[in-house]
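What follows is a set of notes on a single structure, which appears directly below.
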Amino acid sequence: LIAAFWPRRPTKKSGTAHRDFTIIGFAAGTAALTVGAVGPLIAPLFARHNFVKERLVATKAACQMVTHLFKLPAFIALGTVRPTELMLLMGVMSAAAIVGTLIGKRLLTHVSEALFTRMYRWLLVVAGGKVLLIDGLLKILNPDFLNSVR
């Protein structure tokens with residue numbers, strides 16, 4: 001939540017930016033296998049690198065896609081996911097992603113950089129709040145969760 005409002009970094013040399021993204025990629029890839037949804041965790045880091053809105057969206061989307069492409073084989077190998085049981089869901093979600101991308105691309109052309117930045121930051125706050133309150137706090141307060149920990 002705090003990272004959503006950190007000031008943007010001044011423009012850096014490309015070598016330093018590559019190092020930053022390598023570190024982010026390694027951390028996100030590792031966390032994705034145990035935490036699950038790392039999008040809200042890495043999104044503020046992209047906003048700090050003075051990307052135009054289209055580049056920010058494309059970079060984050062590409063990173064999320066690569067993360068999912070690595071997670072799926074890992075979960076299959078561990079036996080926690082059976083692809084035959086998820087084929088329909090994966091097909092529906094892939095179709096929704098394609099439709100969402102086409103709609104989002106059109107909408108993005110009508111949004112100014114300033115409005116995009118404000119919306120991006122506030123949506124990060126909403127996503128971070130959801131992760132903390134719903135995925136975190138409510139699960140901890142759930143009696144079934146507390147019993148499973150004991």
Side-chain angles (χ1 to χ4, degrees), residues 1-9 11-12 14 16-140 142 144-145:
L1 291 173
I2 294 168
F5 293 96
W6 280 343
R8 286 185 172 195
R9 286 184 167 180
T11 305
K12 299 171 101 180
S14 64
T16 308
H18 287 293
R19 187 197 73 221
D20 288 353
F21 282 111
T22 301
I23 293 167
I24 292 168
F26 180 77
T30 303
L33 292 172
T34 56
V35 174
V38 294
L41 298 173
I42 64 171
L45 304 172
F46 292 110
R48 296 190 67 219
H49 281 275
N50 292 322
F51 290 164
V52 293
K53 60 188 178 187
E54 292 83 3
R55 184 173 179 199
L56 190 150
V57 170
T59 302
K60 175 143 180 345
C63 290
Q64 290 298 129
M65 180 187 69
V66 169
T67 300
H68 292 309
L69 288 175
F70 281 104
K71 273 199 305 189
L72 189 59
F75 289 155
I76 291 169
L78 291 170
T80 57
V81 171
R82 289 194 256 322
T84 54
E85 295 175 3
L86 297 176
M87 291 300 238
L88 178 62
L89 180 61
M90 288 190 301
V92 170
M93 290 176 72
S94 296
I98 291 168
V99 170
T101 298
L102 295 173
I103 292 170
K105 187 176 175 183
R106 286 198 179 207
L107 290 175
L108 198 57
T109 61
H110 300 292
V111 176
S112 70
E113 286 287 336
L115 178 59
F116 174 82
T117 300
R118 283 194 305 273
M119 289 173 54
Y120 189 80
R121 288 183 178 193
W122 282 108
L123 289 171
L124 287 174
V125 169
V126 170
K130 185 250 181 210
V131 168
L132 284 175
L133 295 175
I134 295 173
D135 300 340
L137 187 59
L138 290 179
K139 286 186 180 177
I140 291 172
N142 180 349
D144 292 333
F145 175 79

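Quantities reported herein were computed from a predicted structural model and do not represent experimental measurements. We count residues from 1, following the sequence as given.
With respect to Tyr120, the side-chain contact (heavy atoms from CB on, under 4.5 Å) criterion is satisfied by exactly one of Leu124, Thr117, Leu123: Leu124.
Between the CZ atom of Arg118 and the OG atom of Ser112 there is a distance of 6.5 Å, given to the nearest 0.5 Å. Taking CG of Leu89 as the reference point, atom CE of Met87 lies at 11.5 Å (rounded to 0.5 Å). Expressed to the nearest 0.5 Å, how far CG of Leu108 lies from OG1 of Thr101 amounts to 11.5 Å.
For residues 83-96, every residue pair satisfying the salt bridge (Lys or Arg N to Asp or Glu O under 4.0 Å) rule, not counting sequence neighbours, is listed here: Arg82-Glu85.
Here the side chain of Glu113 pairs a donor or acceptor atom with the backbone of Lys53 at under 3.5 angstrom.
In terms of heavy-atom proximity, Phe116 sits nearest to Val111 at N-CG1, 3.6 Å.
Residue-environment remark: CE (Met90) exceeds the threshold of 12 foreign heavy atoms within 6.0 Å.
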